[in-house]
Amino acid sequence: MSAMLALKEWLKTIEIKKKWYNFSRSPLSLIGLAISLSTIIMAVFAPWIAPYPQHAGFFTDFAHAKQPPSWQHWFGTDEFGRDVLSRTIFGFRYSLMMAAVVLSLVVPTGVILGLIAGYYRERWIGKVIMRIADIFIAVPPLVLALSVCSLLTPSAFHAMMAVSLMWWPWYTRLLYNITSSVKEEYFVYAAKVTGASSFHIMFKEIFPNAMGAVLTKVTLDVGWVILLGASLSFVGLGAQPPTPDLGTMVADGAKFLPDYWWISMFPALAISYVILGFNLLGDGIKDAFEG
Amino acid sequence: MSKEVLLEIKNLHVGYKTHMGVSHVLNGVNLTVHKGERVGVIGESGSGKTTTMKSILRILPSNAIIKKGEIFYKGKNVLEMKEDELLNLRRKKISMIFQDPTSALNPLFKVGQIMLDIIKYSYKLEDEEAKEMALKALKEAALPDPERVFDSYPFQLSGGMRQRVCIALALIGDRELIIADEPTTNLDVTIKAQVLNLLTSLVREKNVGWIFVSQALGAVRENVDRVYVMYAGNIIEWGPSRKVFSNPLHPYTQKLLECVPKLTGKEFSKGIRGRIPNYFKPPSGCRFHPRCDYVLDECKKSVPEAVEVEHEHFVACNLYRR
Amino acid sequence: MEDEYILKIQNLKKYFETPYGTVKAVDNISLKVRKGTTMGLVGESGSGKSTTGHVVVGLFPPTSGKILFKDRDISMPLEKRPKDLKRDIQMVFQDPASSLNPKKIVRDIVGLPLKVHKMVETREELEEKVAKLLEMVELPPEDFMYRRPADLGGGEKQAVSIARAIATNPSFVIFDEPTSALDVSIQAKIINSILNIQREFKLSSLFITHDLSLMRNISSEVTIMYLGKVCEIAPTDVFFQKPLHPYTQMLLSSVPVLTEEEEKLKPKGITSQGEIGSPINPPSGCRFHPRCPYAKDICRKKEPKLVEVEPGHFVACHLYSER
Amino acid sequence: AVQSTQKPQPQKKRLLRIGFAWPTYIDPAVGSDYSSSTAFTNLYDPLIFPGDKGVPKPWVAESWEVSPDGMTWTLHIRKGIKFHSGDELKAEDVAFTIHRLLTIGKGYAYLFTPYIQNVTATDDYTVKVTLKRPYGPFIATLMRVYVLDKNVVMQHIKKPGPYGDYGDYATNWLLTHDAGSGPYQVKEVVLEDHVYMTRFKDYWGPMVPNAADEIQMLALAQPATEKTLLTNKQLEISSQWLPEETIEALAKESYLKVSKFPGGDEFYIMMHTRKPPLDDIHVRKAIAYAIDYKTIVNQIFPGNPIATGPVPSYLPGAAHNLPTYHRDLAKAKEELEKSKYWPDIKEHPEKYTIDYHWIAEVPAEEKVAILVAQDLQEIGLKVNVVKVPWLRVVEEMANITTSPHMVSVFVAAHYPEAGSLLESRYDSKSADTWEQNEWLLNKTLDHMIEDALSTVNTTERFKKYAQIELAIMKLCPSIFLFDHMIKVVHQDYVKLPADEGHYTGVMGYDFDGRAIEVLSTT
Amino acid sequence: MRAIWKYIWKRVLYVIPTLVGLSILIFILSRVLPGDPALMAAGPNAPKWVVEQIRHQLRLDKPLWEQYYYWLVDLFHGDLGYSTYTKRSVTADVIEYLPASLQLIFMAALFEIGGALALGIIAGRYAYRLPDNIVRVIAYIGISVPSFVWGLLFQLVFASLIPLFPTHGMYSYGTVPPPRVTGFSLIDALIAGQFDTFVDILWHMVLPAFALSLGAMAQDARIIRAGMVENTEKEHVSLVRAYGIPERVIFSKYILKPSLVPAVTVMGMDIASLLGNAFMVELIFQWPGFSRYGINVMLNKDINGIVAVVLVIGILFAIANIIVDVVVAYLDPRIGRRSQ
Ligand SMILES: Nc1ncnc2c1ncn2[C@@H]1O[C@H](COP(=O)(O)OP(=O)(O)OP(=O)(O)O)[C@@H](O)[C@H]1O
Ligand SMILES: Nc1ncnc2c1ncn2[C@@H]1O[C@H](COP(=O)(O)OP(=O)(O)OP(=O)(O)O)[C@@H](O)[C@H]1O
Ligand SMILES: [Mg+2]
Ligand SMILES: [Mg+2]
């Protein structure tokens, strides 16, 4: 029996190894992993990594405002005299937090609704769920998120709520599509014939088959949610200053283009950096699950 | 035999590059087709039949690597042919019927569009003439209402009709060799019989060379002059059809024939143990040795040479050496 | 007195509503399966074989008609079916590739029915039972227990499906073309284990196939279906000696054979022609008439009834009903 | 209208292109913001024109009398003023204009609804206005009555509308057309984008020699754009909200000039005197002593004079030599320690976190906010800085509970007199408006203000104002940061009266086409 | 062909309830979320009775269902209500601003499709080789850099460093806008025969349209490339190759067409990103279009304006998707023609 257990463990590592092999085959995936990890590390350890952590809070030093990039301030300073690099590092914090909050709300909701809708697609419950989801998808997410945010007081919290409100249907749709096709697979029939409960079939038989797709989408969505959050902030409906939010920093700094380009361009690059990282990572995860 | 040799495959080694490494699929395939001869190739799924056939026309997938070997068509090596020679070969000399008619026909084009393209590039004809030619071929393939078929998308046709369309394609012009790669696998029993009857009668009528690849041993037995048995990228036995089927020599061939259920309902075998080898690390020596009941020591070491056991009946097995 | 039939299907209809019309997949068929025997169900693709099987195991409720299992009416939807019936009736599906959940290991796949029916308590017990089942289908448990379907060959997958189907010790199993996607050498192996299991468990079964040669080796009775209708029912021996329905004859004549002996069994003078019609607009009268070389006027107008021409040999054809 | 297919040959014109923030509503009964008011000034004639430093100057109303009880004002209308339609401006038009304004109720109507009882044209050139109660600054408010051409308006009324017989009162039409007599008339209005006005040939009033042939008010939102336009000579005058950084950069160009003139407003930080801990005067004083006024006027809003009291120092009626606050951390701490909250604040500063709201539309306010937060941190007060859009601020300030602890706002006098600001900033009536966040609700002060405003005699009125101002300083309800100076960058070929030290301090009269010279043609 | 029309009709019918649902959703949100639109509309100094008047005008004093009912009734008369921001009918605003946005989005879509085809085909043709890798890098950059960052970058580069293209507005200063006939300034310029103006407008559209299209372009290029690579290995390609059709034709016909089907589907989604990103791009480039109007009504809490903006974009999106579906149906005969 112990030999068997050892074998089991071995097969498990094989499984992971295979995924890792598929993943690491493309150097782009590894770059993506590195970028994503670097942003996460910067976000988590911002107070230790940022050269001037106090610049993320209430700080002004007008005497040193708008200094171009230099050795003291790699990314220069902004109109308050704050270190742009430090604020950008803190910016990752807010961006990733936004992604984390939104996705942790949206993924379970969307997934469960999608499973139910797909599993009961012929019944009214499935139809109603999909009809409602359709309504939220009938408009580009940014437009609806903008209008909902505009109806609320602009704040990071409201932005997260608005984005979450827009986002769940994408998971519902994904799960709906997967569930509707997987539920016609013979292994689901077999489980039904045996008498397994609908709950078991949805969560133990069907859901594992959607795991890869969900994981891929979640990773890619980290980038998109950050983008959407940044877009909201850019218009002025997202996180509010002095929060070092990347979108807000870009928008605020845009006033000083082109003379003090570093105030907006470095945070803008930072946004692109995160999105790039999670995009590459997402594609890698997709390869890992599909390859 | 003094018959003119049409096609000769010599010691063909083909592999595939995949993310798991290189698979060594064909392991020295030798195959000869004479003019007007009907040759069968049998073997389990994955034994490399399609790979061999595609090599002949050089239409292997892009990840395939031809490692060694020659394919002579009327004495010219196909693998060294120039672009225009190759196109000429494909356009005028050899045609192929694919395994799965559904995936072989581009779903976004009407049957007629595909046929016209093929005819136009092969024969430089005007639309009118080309269409006439296409309709003639469709009629020959026993398709009722060829005009309608010509104007249909593949999905609008049944599986049997699709395969007939593929046969019609293969019949355009006067070919010297028709390769039929499991032309009936995905069809219903009754349709299978129909398609096979059609194909055999056409081949007979036109007296062209024919390679008939199939897993349906019965169908092969009934319709070919000579048969090649393929196992894991090797031709392990070949000879006149009657001889091979009535007196199989190789342990694999013997087992394979036993496995086929009989209409007479006699007890049939327990199958062949094990499965077809992994091509990334194929067994040394005779690739069948891990599954063979009569395995000898030398089987593990070297690939057995072919021996002519009876007239024109060859087998590559150590049991028959000396 | 106990009935000698384990399964009785009476006037079963199963229609599917689709955007293009009503598919009459199974249209008023009746058949009985004797205890401890295997009934073969043969027909071309689209003739309604799988649908019949699916209705019996409860995947779809019948449109009309009755299914009696051990004299209990089981023509209710699956949710309403008592649990013991779900344990007693099992099915092996057509396509090995989709029969196993690719995300689970063999132990959990085979163990699922055991868990659902609470036949095991601990994990050790589960593994033990699964190991036994795997042995029964000739898969060495130590090698296969923790594998995933992706690492299995087609035959091995089907063997796992069979192990799962017999896990709950059912008395009736439907085999839906369990080997049609497999190579002959593997088919032989699978059929062998099925035969062994049938013998060992005294299993009654419905064996769906389109391969008449295979049928000959397995079943004691044969039912031939065409476009949702039954054409002919007969004990296997009788059937091969005296195929009555023209469709049956056409099927038999289409079988490619390896030996002269077999050749003799094939009916002469009939060749395959035409294709199966659409189940949405089936041909009038006898559904086979467009392909039948003996078709007469009456065949176009009137649907033939299934009549018993000899004891146990039923046929639905105007050629025989005139008598 | 289909134009000729000929290529338009642009002839040389004196163009005056000015940047503004949008929206601009050119109907005087609708708009009341900076850009709208600028449009009114150029398209219409007001009854009274603000002279230097906002002193009322006869305009359409040539002269006036007031009844001894201060309840009835008689206005004599100037003869010979021609509307753009060609008709003469008559008393009837004036009465109609005021009626229309009061009926619609938007725009500057709020100045008149509380006082005006009735308006009648007694003859072609006389208008009689009856008030509800005596009102000292009445004449000054008439700078906001822009006279409309009754006939033209009546012609463009669409029915049905919300105003009964008057249908929509031509509000739709007047959004993109004018019915005025001003020196310019509407050529084209594209909402959200621009207002083009061309010179009205028959204008009756005085114009400077090189007045613009065409004024273009442009919606400009981005400093970068304005910068490009200014350097390309495609914009004569920048908008007034250019960031200091941009102004600095532009000031370096030889062909550009920076002009500075009072905007008539003061920048306040309003403190909620009913919300703990700001309900304690010591806390308020501590704050007043903690703030670094100098950095604000030197670094953030350079060039703005530190405020000397509750009203801008140049406003008619402003008091002088009031006691003021300045940065003194020791004093600030001392005051804070005197407060009843001190022991608790010391222990749990987060319990007394002060919400500081600043207005999203004015980005420079953020710097003040963060500086204040930094300053207050030094004396041990916690601040939560929140950026809030203008309309939201208006909404939250309407209610005593939703009003924030502190909010920084620019407030301008409605008419050029100290009384205007005193009333709108500190009277109980205005407590629920955006102009007061203090929620003083102080009866004594209310009486003093009412008394002052109903005093018709100007000198006496101004004395009363001074007493009120002193009282307010003692209460320390607000932080008086600075008297706001408007800064614009303009081409050197444009001559603004402000360059010669002339200004009105009345919103909308800064860019008066009558007085701006354009010395170059394009 | 009839089948296709039936299919389109079905799609349209399906979209209608969704749009109604959308209107209800946004209508309710705009009325129940905190904030008093009447107060905001009245302006900071308005007396109470004016606020009440506006409240009445906006029907905010009625129960919610009644508000919606009358809103619907008005909608059927082509009236989207009164805009508290522009102080006129929202319908007039839509008519005024929408064409400019459509024009811009149309141009962006042209860039998107053209660029995606070019990049995708090159990458697919030279799969796994240098051009493919270059395109891949371009695609990743295109996807990762938000459109508003492109916008700002272009502003930075073109406003000061290389002033090749104008960075704001629709016309150069001094250009006389053509008289409004269709509302589409490009068309109007042509009608008026102002060819210079036409070129001027085009010139102004280049940067915003490009900034807008880059992300979608990259996305589509990737899909096309993936489709090409996938289809190259298809059996039907082997078939035409086996019959001697030249590689050039195989590539441009038998591989390209099937690769376009998924790409076109994705383009439908990408139009969503165009419609969404137009909000930021119009803001940055001060394009006098509907999206900039959208931002303004949103920032001013003009509820009728917001509802209209969402609804109009919903309709545009639906139309775009239907067009995409039709194109897909045209490319892929299997769609919408299953029944015979
Ligand atoms: N493009 C490819 N890349 C990698 N491996 C391939 C490729 N094509 C075929 N193979 C592998 O090569 C082996 C031989 O395949 P081939 O298709 O030639 O067999 P076959 O005899 O035709 O089988 P079947 O009867 O199933 O058609 C198989 O193991 C298959 O998995
Ligand atoms: N869920 C369903 N919805 C609609 N039509 C169906 C459904 N299931 C089966 N059918 C149709 O019913 C008919 C009979 O199908 P069935 O699967 O029973 O045939 P079969 O005899 O098992 O064929 P095969 O040999 O291909 O498995 C077919 O035309 C099929 O398209
Ligand atoms: Mg093959
Ligand atoms: Mg079936």
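Labels below follow one simple rule: chain letters A, B, ... track the order of the sequence lines, proteins then strands, and each chain is numbered from 1.
Atom NZ of B:K82 sits in a sparse spot, with 12 or fewer heavy atoms from other residues, nucleotides or ligands closer than 6.0 Å. Atom CG of B:D84 has more than 12 heavy atoms from other residues, nucleotides or ligands within 6.0 Å. Around the NZ atom of E:K10, the shell of radius 6.0 Å holds no more than 12 heavy atoms that belong to other residues, nucleotides or ligands. Annotation: B:F280, atom CZ; neighbour count of heavy atoms from other residues, nucleotides and ligands within 6.0 Å is above 12. Heavy atoms from other residues, nucleotides or ligands lying under 6.0 Å from CZ of E:F106 number 12 at most. Heavy atoms of other residues, nucleotides or ligands lying less than 6.0 angstrom from CZ of E:F210 number 12 at most. Remark: B:K35 NZ is loosely packed, at most 12 non-hydrogen atoms of other residues, nucleotides or ligands lying under 6.0 Å away. The number of heavy atoms from other shown groups lying within 6.0 Å of CZ (E:F251) is above 12.
Nearest approach of B:Y121 to E:V249, heavy atoms of both residues: OH-CG2, 3.1 Å. The two atoms that bring B:L108 and E:K257 nearest to each other are O-NZ, 3.3 Å, heavy atoms only. Of all heavy-atom pairs spanning E:P246 and B:R91, the tightest one is CD-NH2, 3.5 Å.
Applying the side chain to side chain donor-acceptor pair (under 3.5 Å) rule to pairs touching residues 206-217 of chain E yields nothing, sequence neighbours excluded.
Scanning residues 232-242 of chain E against chain B with a 4.5 Å non-hydrogen threshold yields E:E233, E:E235, E:H236, E:S238, E:L239, E:V240, E:R241, E:A242, sorted by number. Residues of residues 110-123 of chain E lying under 4.5 angstrom from chain B, judged on non-hydrogen atoms, do not exist.
With a 4.5 Å cut-off on non-hydrogen atoms, B:K54 touches chain E through its side chain but not through its backbone. For chain E, no part of B:I172 is nearby; none of its heavy atoms comes within less than 4.5 Å.
In this structure B:D181 satisfies the side chain to side chain contact (heavy atoms under 4.5 Å, CB included) test together with B:T50, B:M96, B:Q99, B:V213, sequence neighbours excluded.
Considering only heavy-atom pairs separated by less than 4.5 Å from chain E, the leading option among B:I179, B:I118, B:N106 is B:N106. Comparing B:N63, B:L169, B:I97 by heavy-atom pairs within less than 4.5 Å of chain E, the highest count is held by B:L169. Ranked by non-hydrogen atom pairs under 4.5 Å with chain E, the options B:C166, B:A170, B:S122 are led by B:A170.
Residues B:I114 and E:Y254 meet the side-chain proximity criterion, which asks for heavy atoms closer than 4.5 Å. Counting only heavy atoms from C-beta outward, the side chains of E:P333 and B:F155 approach each other to under 4.5 Å.
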